[in-house]
Amino acid sequence: MTWGEESDFPDRMPLSQQALAARGVPYLDDLNPAQREAVEALDGPVLMLAGAGTGKTKALTTRIAHLLNTGRARPNEILAVTFTNKAAREMKERVARLLGQTVEGMPWMGTFHSICVKLLRRHAELVGLKTNFTILDTDDQVRLLKQLVVAADIDEKRWPARQLAHLIDNWKNRAWTPDKVPAAEGSAFNHRGVELYAAYQDRLKTLNAVDFGDLLLHVVTIFQTHEDVLAQYQRWFRFILVDEYQDTNVAQYLWLRLLAQRHRNICCVGDDDQSIYGWRGAEVGNILRFEKDFPGAKVVRLEQNYRSTPHILAAASGVIAANRDRLGKTLFTDATEGEKVRLIGHWDGEEEARWIGEEIESAQQGTRGMRPFALNDMAILVRASHQMRAFEDRFLTIGLPYRVIGGPRFYERLEIRDAMAYFRVSVSPDDDLAFERIVNTPKRGLGDKAQQKMQRAARDNGVSLVEGAKILLDEGGLTGKGAAELKALLGGIGRWHGRALDARQNHVELAQQILEESGYTEMWQNDKTPEAPGRLENLKELVKALEQFENLQGFLEHVALIMDNSSEESEDKVSIMTLHAAKGLEFPVVFLPGWEDGLFPSQRSMDESGVKGLEEERRLAYVGLTRAEELATVSFAGNRLVFGQWNSSLPSRFIDELPPEHIEVLTPPGLYGGQQQVESDLVNRASRADVYNSPGWKRLQSRSQTRGMAQPREARDMVIDATALSSFVEGDRVFHQKFGYGEVIAIEGDKLDISFDKAGFKKVVARFVTAAEAAGDVPF
DNA sequence: CGGAACCAGTTTTTT
DNA sequence: ACTGGTTCCG
């Protein structure tokens, strides 16, 4: 039998069975029975349903180690797929640790996309590409589509290219090539979606480029149309492992199914309760019907949780139990001690941020009998990124160190993308998209007009833009400053290209010089906006990153797929991130703010996807709660500034679903005096009344009566007050803390239509306003 | 070409 | 409220 790919892995033979027996398999003793079952069931299809914090990665990596150790597979016969580079890295590290050596010999361990790149480079010609195709990112993709939309004479205003990009992405996620898009989608994008999709694919082929979706789609196409190629890989990959199976989309699903058909040794690990990427094409259905796809599949449930306290686990289970379509798991833990999940309501988002800031500071000190926590141990998980601002503002004012996880990635930054475009044209001058990007950056007097001329020259002569530009210059189609600058740029590109091909050339130095000779560095040096220094810093970092690669080509090839910027920070900081970004992470202390209907669950999600959307939101709540190891705090605010609009909202319906016996209801600050301003007192009462009047809260009150929880007494008084307060008549002058003064126009039940002097017309819950006279006493 | 003025679109995100 | 994009004018 041949080894194939021989150079790809170290010369290490798997241990023989005897050697193994002699040595024992200590790693197996570390597993609980379920994990062990999942590890040892090497043959046939296995579905590992791994609840949050149940040692999924451990089981997965041990399984790989076991496959190797028992000699069932050679390192290069195992296909192990993840979604993110981070997960792939972790898998590699942990397998290496288990085996006590590096696993460079596992060429097929990586993300779906990186593995597809590898496959596609080998078989590019089967889909009309050259093996050195470029990978476009979203930005390039949109720019290209924009050109096509304009060329098709469609109003780009009404039909934005970005929308088309999403549409095409969705189609690709479902493995639909242009000819396979169902007729029902025909009306998409002004009835021209499919036509533009086809044009886009043509254009990509001409450019010898692919987008992210193509990586999978092309490989699936190759597998479907070239049996021999498929057969070769089916034979090769004796064992297939898939992480986060619940996140696979149709294309990935097909890809896996095709590859697994022969040996049927496929082990999918996932948790249907943590499927939170439906909106970008993930199909929970894939995991739900695994047993149908692979008859005789062994289903192993990992249900013992090693992460959270019993209360946190019970709260999370209580919430997720409300979902219908589940495979069903019951998490349990051996842990006995622990705090209940805390719940608290606030007047508005600002107060919520203030309170959480204080809680973080006191958790740092160690209070209420809990140990002190480092800031690194604490995280705030929000539903939508706009919620982060309130926390950032607050933490900046009190000087609490924080880090925002997610957000713009290093390689997505403007200056990095520009620099990369320079590198790209240097490596391949026929990279039109890259050339377009840098031709007038820095400004060279080559505006729209000049660029159009270049485009035309290129098209007329059937050559690349760079060549077209040369022709244009030769023909004297450009004059003056622009001509001179273009000539200089083209000269530069020629020089850089020559040097990029020269193996003796130090590529780091070259990169540095490209940026200088092109005037790009200078452009930022002369820029006096506050961001400029940071951008120069980033450019330096980019050049430094080059050191780890052999040459520019190598760098460009890798970078397209490595879009994560996990710069390891060592400082002690609180993390702020979205719930999505938090998947797979864990923190001793977790804050879950913004549990309000409309925000979480998100209104849009429910509008667009109905019950399905709601269930996905609920899974998000489950993910959030299960991130917490020791202390979880859910909070909500009665009022929130969203997109410049004050919205009042009710506590999330998920709050109703929290099992009361595992919840501790906290008293909001300011309830017993301590108000700085008299004027806000009435309003605060009103807000509190609203908070306490919500169905969720009331239920909690009644449930928590057995426990001597602080406070219902005063809260009940508030409710009475509120009722009294809501008796307005049309024409009343009223005051609202955020909207200011206004006049009641109409009344529908407890909702008032009010025309505010400053804020304009608003519908407001009666409890949120006070009679103008009362509040008017206080000067503002 | 650059700056000012105007206007629309604002969940979640990887590769 | 804020951003990013486009348009319009000097």
Side-chain angles (χ1 to χ4, degrees), chain A residues 81-88 110-117 135-142 146 156-158 160-163 166 169 172-173 210-217 244 247-249 251-252 275-282 349 381-390 393 405-409 411-412 414 440 442-450 480-482 485 558-566 577-584 594 598-609 613 616-617 619-621 623-624 640-647 738 759:
Chain A
V81 223
T82 64
F83 275 85
T84 64
N85 290 304
K86 197 175 153 205
T111 63
F112 275 102
H113 290 84
S114 67
I115 290 170
C116 282
V117 170
I135 302 165
L136 303 189
D137 60 28
T138 325
D139 219 78
D140 291 322
Q141 192 188 355
V142 172
K146 197 169 189 168
E156 219 265 325
K157 283 280 153 45
R158 282 194 34 181
R162 197 159 281 285
Q163 191 190 319
H166 281 138
D169 271 347
K172 287 185 175 175
N173 284 340
V210 299
D211 62 23
F212 287 124
D214 283 335
L215 291 173
L216 271 152
L217 187 54
E244 306 280 13
D247 288 339
T248 50
N249 60 35
Q252 287 155 341
S275 163
I276 56 176
Y277 286 110
W279 51 273
R280 66 174 197 211
L381 312 183
V382 298
R383 173 63 182 86
S385 48
H386 63 72
Q387 287 171 264
M388 293 181 181
R389 249 200 73 167
D393 284 353
I405 301 202
R409 276 169 286 278
Y411 289 106
E412 276 169 17
L414 178 85
N440 201 28
K443 295 276 177 283
R444 296 192 173 90
L446 298 165
D448 278 353
K449 273 270 167 56
K481 182 172 175 260
E485 293 262 21
H558 278 262
V559 113
L561 291 178
I562 305 172
M563 285 304 216
D564 64 348
N565 60 338
S566 48
M577 69 188 93
T578 62
L579 287 161
H580 284 90
K583 194 167 88 159
L599 178 62
F600 187 42
S602 128
Q603 193 57 52
R604 193 157 152 184
S605 184
M606 292 186 293
D607 290 347
E608 282 174 10
S609 319
E616 182 153 315
E617 296 285 308
R619 293 193 289 267
L620 216 36
V623 167
R640 196 175 290 278
L641 189 58
V642 183
F643 302 134
Q645 282 276 313
W646 278 98
N647 295 92
K738 297 298 171 187

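All figures in this text were calculated on a predicted structure; none of them were measured in a lab. Order of the sequence lines fixes the chain letters, A, B, ..., with proteins taken first and strands second; residue numbering starts at 1 for each chain.
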Among [options], which nucleotide sits nearest the side chain of [X]?
X      : options                : answer
A:H580 : C:dT6, B:dT15, B:dT12  : B:dT12
A:K146 : B:dT13, C:dG5, B:dT11  : C:dG5
A:Y277 : B:dT15, B:dT12, B:dT13 : B:dT13
A:S385 : C:dA1, B:dT13, B:dT12  : B:dT12
A:K443 : B:dT10, B:dT14, B:dG2  : B:dG2

Contact class for [X] (heavy atom, under 4.0 Å): base, sugar-phosphate, or nothing?
X      : answer
A:E617 : nothing
A:S602 : base
A:L446 : sugar-phosphate
A:N440 : sugar-phosphate
A:R389 : sugar-phosphate
A:G213 : nothing
A:F83  : sugar-phosphate

Please report the distance, rounded to the nearest Å, between [atom1] in [X] and [atom2] in [N].
X      : N      : atom1 : atom2 : answer
A:W646 : C:dA1  : CH2   : C1'   : 11 Å
A:Q163 : B:dT11 : CD    : P     : 14 Å
A:K172 : B:dT15 : NZ    : C1'   : 13 Å
A:D247 : B:dT15 : CG    : P     : 12 Å
A:D137 : B:dT13 : CG    : P     : 18 Å
A:I405 : B:dT13 : CD1   : C1'   : 15 Å
A:D211 : B:dT15 : CG    : P     : 16 Å

Strictly below 4.0 Å, N to O, side chains only: are A:D169 and A:R280 in salt-bridge contact?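 A salt bridge is absent here (no side-chain N lies under 4.0 Å from a carboxylate O).
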A:K583 with A:E244: basic N within carboxylate O range, under 4.0 Å: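 Yes, A:K583 and A:E244 are salt-bridged.
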Anything under 30° is parallel, anything over 60° is perpendicular, the rest tilted; go ahead and classify A:H580 against A:W279. perpendicular
Please tell me if [X] has a side-chain N or O lying less than 4.0 Å from either OP1 or OP2 of [N].
X      : N      : answer
A:N85  : B:dT15 : yes
A:R280 : B:dT13 : no
A:T578 : B:dT13 : yes

Aromatic ring of A:W279 stacked on base six-ring of B:dT12, 5.5 Å, 30°: yes
Identify which one of A:E616, A:R383, A:E617 satisfies the side chain to side chain donor-acceptor pair (under 3.5 Å) criterion when paired with A:S605.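 Of the listed options, the one satisfying the test is A:E617.
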Between A:Q603 and A:D607, does any side-chain donor sit less than 3.5 Å from a side-chain acceptor?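 Yes - a donor-acceptor pair under 3.5 Å links their side chains.
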Measure the CG-CD distance between A:D247 and A:Q252 for me, rounded to the nearest 0.5 Å.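 Reported to 0.5 Å precision, the distance equals 8.5 Å.
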